[in-house]
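Residue indices begin at 1 and follow the sequence shown.
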Amino acid sequence: MNLNSNHCFVNTDLELLAQLFEQFKDYKISSFKELECFLKRKRLTSFDELIQFVTGPNCANELAVTAEEVLDRLRQASPHRKAILTSSVEVGNYLADKLVGHKQEELWALYVDNGSHIIAEKKLFQGTLNRSVAHPREIFRWAVIYGCAGIFIAHNHPSGKLMPSSSDFELTEDLQKAAKMMKIDLLDHFIIGQGQYLSMREKKLF
């Protein structure tokens, strides 16, 4: 992650894995076979045991941070997500479950095709979100890469309050302008808090 004083830009999955494999070299691991042998030597056979190792005194700090992020993404991957999410209720409930209990603000994007099939979902930012941090450029860069037709945007309020802030309205306005220019539908912007959600589209807030 690229850090400043109050937020971070979230690396892509590929960048994160490349970073992890580079850090493995400190343990003389340069192949999957060597990684398998390392896990066997440490008797690490589950996520819980991996977490105990990477948070313990025998794991380098940089590797611990990277490994925990990889494991966190694996845990968050939901095999129960529907292939098609056609309504704000379905999307809102799915994201409310996904982000419940998260202590930091996170901004997620769900990219869909013309048939409302989910092409991809990405956590793009983490930390204190504002217009300068959560820039439409990064959100729509992935929209172009995926060739999507529409985007659902969501971010959580760890306080649990669902009322959009002035920054939330400004970000939504910026996203609307970018979506219109890119000819990609901004389908909704959700505020998530304590297992509940507010749909700005349903509330006619944009």
More than 12 heavy atoms from other groups under 6.0 Å of CD on Glu202: yes
If I take atom CD1 from residue Ile118 and atom CG from residue Leu110, how far apart are they, to the nearest 0.5 angstrom? 4.5 Å
For Tyr146, check ring pair (Phe, Tyr, Trp, His ring centres under 6.0 Å) against everything at least two apart and list the hits. Tyr111, Trp142
Validation row: Ile29, Phe21 side chains within 4.5 angstrom (heavy atoms): no
May I have the step-by-step check of side-chain contact (heavy atoms from CB on, under 4.5 Å) for Glu138 and Phe125, ending in yes or no? CA-CA 10 Å; Glu138 186 63 24; Phe125 303 97; 3.8 Å; yes
Can you find a heavy atom in the side chain of Trp108 that is under 4.5 Å from one in the side chain of Asn156? no
Measuring only between side-chain heavy atoms, which start at C-beta, is Glu121 closer than 4.5 Å to Phe152? no
Does a side-chain heavy-atom distance below 4.5 Å link Asp168 with His157? yes
Residue pair Gly193 / Leu162: nearest heavy atoms and the distance that separates them: N-CD2, 3.4 Å
Might you confirm whether atom CG of Asn114 has over 12 heavy atoms from other residues, nucleotides or ligands at distances under 6.0 Å? no
Nearest 0.5 angstrom please: Ile191 CD1 to Leu99 CG, how far? 11.0 Å
For the residue pair Phe140 and Met181, establish whether any side-chain heavy-atom pair is separated by less than 4.5 Å. no
List the atom of Glu105, the atom of Pro158, and the distance in Å for their closest heavy-atom pair. CG-CD, 3.6 Å
Please list, chain by chain and in numerical order, all residues satisfying ring pair (Phe, Tyr, Trp, His ring centres under 6.0 Å) with Phe38, sequence neighbours excluded. Tyr27, Phe53
Going from OG1 on Thr172 to CG on Asp188, what distance comes out if it is rounded to the nearest 0.5 angstrom? 9.5 Å
Minimum heavy-atom distance between Leu187 and Arg201, given as atom pair plus value: O-NE, 3.2 Å
Hey, are the side chains of Tyr94 and Tyr197 touching, using non-hydrogen atoms and a 4.5 Å cut-off? no
Are Met163 and Met200 joined in one hydrophobic group, where the rule is that I, L, V, M, F, W and Y side chains link up if heavy atoms are under 4.5 Å apart? no
Taking all heavy atoms of Gly92 and all of Ile192, pick out the closest pair and write down the distance. O-CD1, 4.3 Å
More than 12 heavy atoms of other residues, nucleotides or ligands under 6.0 Å from CD of Gln176: yes or no? yes
Ile153 vs Leu175 side-chain heavy atoms within contact, under 4.5 Å: yes
Looking at NE2 of His189 and CG of Leu198, how far apart are the two atoms once the value is rounded to the nearest 0.5 Å? 9.5 Å
To the nearest 0.5 Å, atom OG of Ser165 lies from atom NE2 of His155 at 6.0 Å
Distance-minimising heavy-atom pair for Ile151 and Ala143: CD1-CB, 3.8 Å
To the nearest 0.5 angstrom, please state how far the CG atom of Asp97 sits from the CD atom of Gln196. 11.5 Å
At their closest point, which heavy atom of Gly160 faces which heavy atom of Gln194, and how far apart are they? CA-CG, 3.7 Å
